[in-house]
Number of protein chains: 4
Amino acid sequence: MSPRTEEQYVQIRKNRKVQIMEAALQSFALEGYYKASIAGIAKRAGVSKGLLYNYFDSKEALLDALLAFGMEKFGDILTGIDDVLDTPEELRQYIKGGFELIRREPDFFRLYFGILMQPGVSDLAREHYGEMVQSLIRGLSVYFETKGDANPMEKAMLLGALMDGVGLYYLLAPGTFDLEKLEKMIFELFK
Amino acid sequence: MSPRTEEQYVQIRKNRKVQIMEAALQSFALEGYYKASIAGIAKRAGVSKGLLYNYFDSKEALLDALLAFGMEKFGDILTGIDDVLDTPEELRQYIKGGFELIRREPDFFRLYFGILMQPGVSDLAREHYGEMVQSLIRGLSVYFETKGDANPMEKAMLLGALMDGVGLYYLLAPGTFDLEKLEKMIFELFK
Amino acid sequence: MSPRTEEQYVQIRKNRKVQIMEAALQSFALEGYYKASIAGIAKRAGVSKGLLYNYFDSKEALLDALLAFGMEKFGDILTGIDDVLDTPEELRQYIKGGFELIRREPDFFRLYFGILMQPGVSDLAREHYGEMVQSLIRGLSVYFETKGDANPMEKAMLLGALMDGVGLYYLLAPGTFDLEKLEKMIFELFK
Amino acid sequence: MSPRTEEQYVQIRKNRKVQIMEAALQSFALEGYYKASIAGIAKRAGVSKGLLYNYFDSKEALLDALLAFGMEKFGDILTGIDDVLDTPEELRQYIKGGFELIRREPDFFRLYFGILMQPGVSDLAREHYGEMVQSLIRGLSVYFETKGDANPMEKAMLLGALMDGVGLYYLLAPGTFDLEKLEKMIFELFK
DNA sequence: TATGAATGAGGCTTCATTCAT
DNA sequence: CATGAATGAAGCCTCATTCAT
């Protein structure tokens, strides 16, 4: 057996890391950040506790990594939009995109909303989130501005709040919603 | 010499209970349910740890008491409204009332939203909340129905989600909002 | 209303004391010394915790009082016998008397055996009990001595042990015994 | 470098478990179940409190493990005997064996008798003990039956009670007994 | 790289006891 | 004499984190 190449090690590390993060995301979403234990996450990931600490310095670091990773995805989509959002069609796409995210990654958003209202847990992430929301809202406000709306900033805020609110409801009671219909209605309200 | 009268005891118990519940509400809202310690709550209430357990069986029982108490208030206002909500003016009052609640009892709602996404913590309360929201939405939907709206139920849902969303934003960044203006805009959007 | 006479006070004190001791005996026998709480005993006695401490300095003092009280009764019967135990009829009476005690006061003996093997709880009582048993055995040995038995002391010991053993079984499974028959058999074995 | 082999881990766990159980047995026997603290047991075992909980789920689970372990030993000896007990020599061996157990494992029996009369502590063990005693007595009764005794069952019961009684005395005052002589006398009484 | 035994701080809870009234 | 609110020490247990192998 020859020793693994440098490249292979990198690959292993990457896989392991993903493995652990997925397990952590599930655990956190399912049991909440505090109830979820490192032991449980390690077991779910099929990995020893010790190894987990090779990849993440602490439980909170693991959480932060998850949040950062999620926000990156989240941001990718939104930043790809915000500077060009000025036709109704784009607004429609934006709204659709937002809900698509929640539908595809409910665990992440479950974790996210769970953390959001827990002071003392990942304050950094909370601040980061705040800035992101603000920038999103600024982006949206441009749309309403070009549309000649009287209170573009507030309108954008309302749209953001509405989308978060619907997302919240959806996560709490996924079965009882026809998200598509709601999307359309939201679009009609704000277009 | 002689023991206190029954009445005096009742009074004492009532006062202490309030004292403890207020301290707990602050602690929970400030630090989150898990971070907040019984020791801290007791200290904040100016009371010994032991005494706290004379009034509440456990940390979770304390939480439940807080939630139940809050929901009662919450419910009072809303049930007083939901069966007669059929003029725009009443809708305006309803919206105003909702935000008034959050403005007056931000700690309670901070606690509430914090618990909402934490599985394993007070699942009972979460279910209770779910039912309450559903009944509210049903109440609201009557308004849109009488107005002849095409999708009254969904419209009601959107209004509920929007109010919760705005509430969430407000709790996360109280300073950056002109709630009154938002209230008016929401009314215009849904009246 | 004239104040109570001195005598009445004494009477009250005595009643209360009995009341508390009975409740304590039941609690201890039913739940064991450690599991039984002062609060529970007071409630069972229909008395406040504070009052209980007017009569007994501590939980252990209460236990000691119970044990002492029981031993007194116990001793009364046996000391009335031990110096005259030299006919078979008297032996029969002695055996009968022993079991009669257990039958009449099972709670006391339940408590007693429970304490007996718990070092650190009422060591005083345990020593006291040891002396009592020794003196009983010495008394019994006289019987076997006069009977010309080869090992009177050991014979007495065996009889004592047998009676305690049967008592133990009886307390653990009261229903499965014909105590009277056993009494006779014991008498036949040792007469 | 590399982790320990599975085998090594098994070995470690086994050793630690024994270590902890021995410490617990001593603590329980010496101080009684309730007085003995987890902290004390851990210290006696030379182990951290936390580690103890890696091996036993709770204080009561630790007690149960001890009792189960002891009963296994206990049972081994007695079941090896009960089906062939029909000559006086075997009876002698049986009696001898019983006392040998107590002499060799006084701590276990101290614990055992201590638990026996404590309702609410390990009720399971108490029931288990009851069954064991009953089966023993049934076994013994066969001996008296073959011997043509009038009340074999009761005779067996008496023998059992006597042995327990002597055991109890021995544990309470080990120094004052010539167990061997008592064994012989018991044999003479029941052979 | 990988393991899981081991640690220990800290949390919740119980309960004997005290004391103002 | 009588009450029960109040205290605080002490106990059980959890779990993030470390470390020898």
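Because only heavy atoms are used, hydrogens play no part in the values below, and waters and symmetry mates are left out as well, while side chains stay in. Labels below follow one simple rule: chain letters A, B, ... track the order of the sequence lines, proteins then strands, and each chain is numbered from 1.
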Looking only at dG11(E), dA6(F), dT3(E), the nucleotide nearest the Ser37(B) side chain is dG11(E)

Tell whether Tyr53(A) reaches the base of dT18(F) with its side chain through a donor-acceptor pair below 3.5 angstrom. no

Answer for the Watson-Crick or wobble partner of dG11(F), both distances under 3.5 Å, is dC12(E)

Mate of dA20(E) across any strand shown (Watson-Crick or G-U wobble, both atom pairs under 3.5 Å) is dT3(F)

(Q) Centroid separation under 6.0 Å, is that true for the rings of Tyr112(B) and Tyr129(B)? (A) yes

Note: for Leu52(A) and Tyr34(B) on DNA chain E, the residue whose nearest nucleotide lies more 5' is Leu52(A)

| query | When you check the side-chain N and O atoms of Lys59(C) and Tyr33(C), is any donor under 3.5 Å from an acceptor? | reply | no

Of dT3(E), dT13(E), dA16(F), the nucleotide closest to the side chain of Ile38(B) is dT13(E)

The answer to which of Tyr9(B) and Lys59(A) contacts DNA chain F further toward the 5' end, by nearest nucleotide, is Tyr9(B)

- Are Lys17(B) and Phe56(B) in a cation-pi setup, meaning NZ or CZ lies under 6.0 angstrom from the ring centre and within 45 degrees of the ring axis? yes

| When we call it a touch if two heavy atoms are under 4.0 Å apart, what does Ala36(A) touch: a base, just sugar-phosphate, or nothing? | sugar-phosphate

Under 6.0 Å from the ring centre and within 45 degrees of the ring axis: does the NZ or CZ of Arg13(B) meet both conditions for the six-membered ring of Tyr55(B)?
yes

Taken to the nearest whole Å, CD1/Ile20(A) to C1'/dA2(E) is 11 Å

Whole-Å distance, Gln19(C) CD to dA2(F) C1', equals 13 Å

Rounded to whole Å, CD of Glu7(B) lies from C1' of dG4(F) at a distance of 16 Å

Assign each of Glu60(A) and Asn54(C) the nucleotide of DNA chain F bearing its closest heavy atom; nearer the 5' end lies the nucleotide of Asn54(C)

Closest of dT3(E), dT7(E), dT17(E) to the Ser48(D) side chain is dT7(E)

To the nearest angstrom, the CZ-P distance between Arg4(D) and dA5(E) comes to 9 Å

Any salt bridge between Lys73(C) and Glu105(C), counting N to O under 4.0 Å?
yes

Assign each of Ile12(D) and Ala39(C) the nucleotide of DNA chain E bearing its closest heavy atom; nearer the 5' end lies the nucleotide of Ile12(D)

When rounded to whole Å, the NZ to C1' distance for the pair Lys43(C) and dT3(F) reads 14 Å

Phosphate oxygens OP1/OP2 of dA5(E): is one of them under 4.0 Å from a side-chain N or O of Arg16(D)? no

Rounded to whole Å, CG of Leu62(D) lies from C1' of dC13(F) at a distance of 14 Å

Legend entry - Under-3.5 Å donor-acceptor pair between Lys49(A) side chain and dT17(F) base: yes

Between OH of Tyr55(D) and C1' of dC12(F) the distance, given in whole Å, is 20 Å

*Measure from the ring center of Phe69(B) to the ring center of Phe108(B) and say whether it is less than 6.0 Å.*
no

To the nearest angstrom, the NZ-C1' distance between Lys35(B) and dG10(E) comes to 13 Å

